[in-house]
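This report refers to the structure that appears directly beneath it.
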Amino acid sequence: MAASIELRNITKAYGDVKVIHGIDLSIDPGEFTVFVGPSGCGKSTLLRLIAGLERISGGELLIDGRRINEVPASKRGIAMVFQSYALYPHMSVRRNLSFGLETIGTPKAEIASRVAKAAEILRITPLLDRRPKALSGGQRQRVAIGRAIVREPKIFLFDEPLSNLDAELRVQMRVEIAKLHNDLGNTMIYVTHDQVEAMTMADKIVVLRSGIVEQVGAPLELYNNPRNLFVAGFIGSPKMNLLTTEAKDGGLQVAGNALALPRATAGATTLGVRPEHIGITDRDGIRLAEVKVDLIESLGGQTLVYATTADGQPLTVALNGQRQVDVGSSLPVYIDPARIHLFAADGNALV
Amino acid sequence: MTEAAQPTLAAGGESVGRASGWSRFAEGSGPGYLFLTPWLIGLFCFTLGPIVYSFYLSFTRFDLLTAPDWVGLENYRRILTEDPKFLASMRVTFLYVLFSVPLKLAFALAVAMLLNKGIKGLTLYRALFYLPSLLGASVAIAILWRAIFSADGLINQLLWSLFGINGPSWITNPKYALWTLVALGVWQFGSPMIIFLAGLRQIPQDMYEAASLDGASAWRQFWKITLPLLTPIVFFNVIIQTIEAFKSFTPAFIISGGLGGPVNSTLFYALYLYQEAFSFFRMGYASALAWILLVIISVFTAISFLSSRYWVHYDD
């Protein structure tokens, strides 16, 4: 049921405008891969190239080792869930689900049983005779997924499927899609601009920017070892603090404060440290700087401190639990040297 | 508003009475009616007035020179029981409606779908294709049409030079005359085409993408997605174009020289009505004809609306 996908130097251009710049990627059978990146990074275009909705300008696309550049979308063994759901408004839910199967001439009895099965998986059986307009957003989303399931594809593609839902429903559907992946075991590619969705759902995350792959890896690998400033800033919430550093006496200093780092720092211009890896007592590591507290957000389980260093750089600190910190006060902050990231002037991480 | 008006009234001093009358007019709905006046005059003098008057006339004998003479239902009785020209004109008009409307709409939809392919210079093509509709109802085009379809017209010259066929005079042969008018009607596909084009652009692209992933051919996509989603537009165009076709007058008048010939083959209902009114000065009889046409169009429209719930998909 599951298929492997391989992209070899895939490019896409509209006229003279190149939007995808030679992407290499391999996706294992049954893997849940998330394409993530800011708007306009090419993630949806890449998905549409795989789906066959756009022509590939250069390179090779292989499914199960077979080149499929020229294979029409319907013959690729792919089903896609659209951001807008793309349900046919003039058909009942049942007809929406069966349309694709009728198109390829599946026997009636089999259509009925597949539709019934998909409806059961997605718990939309009572809705089968309704029109899409009589459904809520979450229900429409389920029907859209159901339409993909009934076709029993080798590969599922999701194009920002949750972005039209409210926050609560989004979390719920996120869990359901992850569960669906566990149950069905198909290869799935999921496009989102939401790094939380990427982190929670993916086996493998592909971070894209301006049509190139910035980094590919498991969620925690991206979190722990971002390859460059872009990935460092994109993965993780709240965002990683990126502080400008100066070289001094063979070491580094931040906001005039020399850091005693037990590692080579030559060439580093930026120090990255995640808010959750900063403490306010000297037990938390070495002293980073003295900061002025601008704002506190108490989330209950976590207290977010937004502060500014002496040289005006913003710094976010995430403290566990409920902490009393005064706005306007000065605060020394400490970091664990093992959990910092150093980046060179070209944005790449120092290893 | 009224509170703000109070100080003005007080400041008016002695002329409070007059000021209050004027300001009540100015503050109330007076200006609204003032602005409506030209339209109201038009409505009562040139639309409602003549409608009511023609209804009255339809029960009279009236030759414009002597006073209308009340005859009761006599005009209607004669039209419906002993007027062969009425039947002839009904036949011609129904044939015209039956063929020109579907052909015109099919053609309009086909062109709209071509133009919706995202071709370059769309605005230019759109304007060009709309041109015949702007010119179509004009006398000049009807005269041009007569020249194209006459015995030594363009069509026959082409037929002769390309195939060696000696064509008939299309407009003077009762077998073909009506069809040249149907062709003229279809040629004026511009306005339904523009409306179809607008409707096609409303259909989300990803429905077609979903369908193509499902393996639906362009043909199946047209029948299962485009056409059903376009039915509100089709419905609108059918109503408008059918009414237009029932009322069609100018082309037949020009091509047949106002007579509806040959052998009544282009005697459109509106043309017959015109003849009765302005050639024979039987205003009462013509008015009755007009009211019968109104009833026919109303019945057709009512049937269309009643049937629409079975084939028109309104969504969201």
Side-chain angles (χ1 to χ4, degrees), chain A residues 14-15 44 47-48 50-54 71-92 95-106 111 130-135 137 140 143-148 150-153 155-157 159-161 164, chain B residues 105 109 112-113 116-123 195-239 304-316:
Chain A
Y14 296 102
S44 281
L47 192 77
R48 294 166 59 81
I50 295 172
L53 294 173
E54 304 270 355
V71 176
S74 59
K75 299 264 174 359
R76 294 186 179 189
I78 276 171
M80 182 157 164
V81 178
F82 292 81
Q83 179 176 3
S84 64
Y85 317 139
L87 299 179
Y88 308 125
H90 56 295
M91 298 181 192
S92 66
R95 289 270 294 131
N96 263 285
L97 294 180
S98 58
F99 181 80
L101 297 176
E102 283 168 16
T103 301
I104 54 172
T106 311
I111 293 179
R130 289 207 203 159
R131 292 276 178 86
K133 70 172 167 186
L135 304 179
R140 286 180 203 194
V143 176
I145 295 173
R147 196 164 62 175
V150 291
R151 297 187 49 221
E152 299 181 355
I155 298 164
F156 280 92
L157 306 179
D159 188 7
E160 307 213 25
N164 288 348
Chain B
L105 293 186
L109 181 55
M113 291 190 61
N116 197 35
K117 292 269 176 225
I119 51 172
K120 278 184 188 164
L122 171 66
T123 41
I195 298 170
F196 275 136
L197 194 54
L200 287 171
R201 306 211 134 196
Q202 294 293 313
I203 302 177
Q205 196 54 37
D206 48 19
M207 286 204 189
Y208 294 110
E209 293 182 342
S212 74
L213 277 169
D214 277 345
S217 61
W219 185 246
R220 187 168 158 84
Q221 289 181 25
F222 173 76
W223 287 105
K224 295 292 178 181
I225 296 169
T226 309
L227 205 54
L229 294 181
L230 215 54
T231 46
I233 310 287
V234 174
F235 179 57
F236 174 81
N237 274 336
V238 165
I239 299 269
S304 304
F305 268 95
L306 287 176
S307 74
S308 70
R309 80 174 69 163
Y310 301 106
W311 63 276
V312 178
H313 300 286
Y314 288 109
D315 262 290
D316 293 330

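Every chain is numbered from 1, with letters handed out A, B, ... down the list of sequences. Every heavy atom of this structure was used, including side-chain atoms; hydrogens, water molecules and symmetry mates were not.
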Once rounded to the nearest 0.5 Å, what's the spacing between atom CG of B:D206 and atom CG of A:L87? 9.5 Å

Contact part of [X] toward chain B, heavy-atom cut-off under 4.5 Å: side chain, backbone, both or neither?
| X | answer |
| --- | --- |
| A:R76 | neither |
| A:F82 | side chain |
| A:L101 | neither |
| A:E102 | both |

What I'd like to find out is whether the side chain of B:P228 reaches to under 4.5 Å of the side chain of A:M91, using heavy atoms alone. no

Sequence-distant partners of B:S308, side chain to side chain donor-acceptor pair (under 3.5 Å), two or more places apart: none

Just by distance, do the side chain of A:H90 and the backbone of B:K224 share a donor-acceptor pair under 3.5 Å?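 Confirmed, A:H90 side chain pairs with B:K224 backbone.
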
Of all the heavy-atom pairs spanning [X] and [Y], show the shortest one and how long it is.
| X | Y | answer |
| --- | --- | --- |
| B:A211 | A:F99 | CB-CE2, 4.3 Å |
| A:P89 | B:M207 | CD-CE, 3.4 Å |
| A:L53 | B:S212 | CD2-OG, 3.8 Å |

Checking an interface table here. Which of residues 214-221 of chain B come within a heavy-atom distance under 4.5 Å of chain A? B:D214, B:G215, B:A216, B:R220

Would you mind telling me which of A:R147, A:R151, A:M80 has the largest number of heavy-atom pairs within less than 4.5 Å of chain B? A:R151

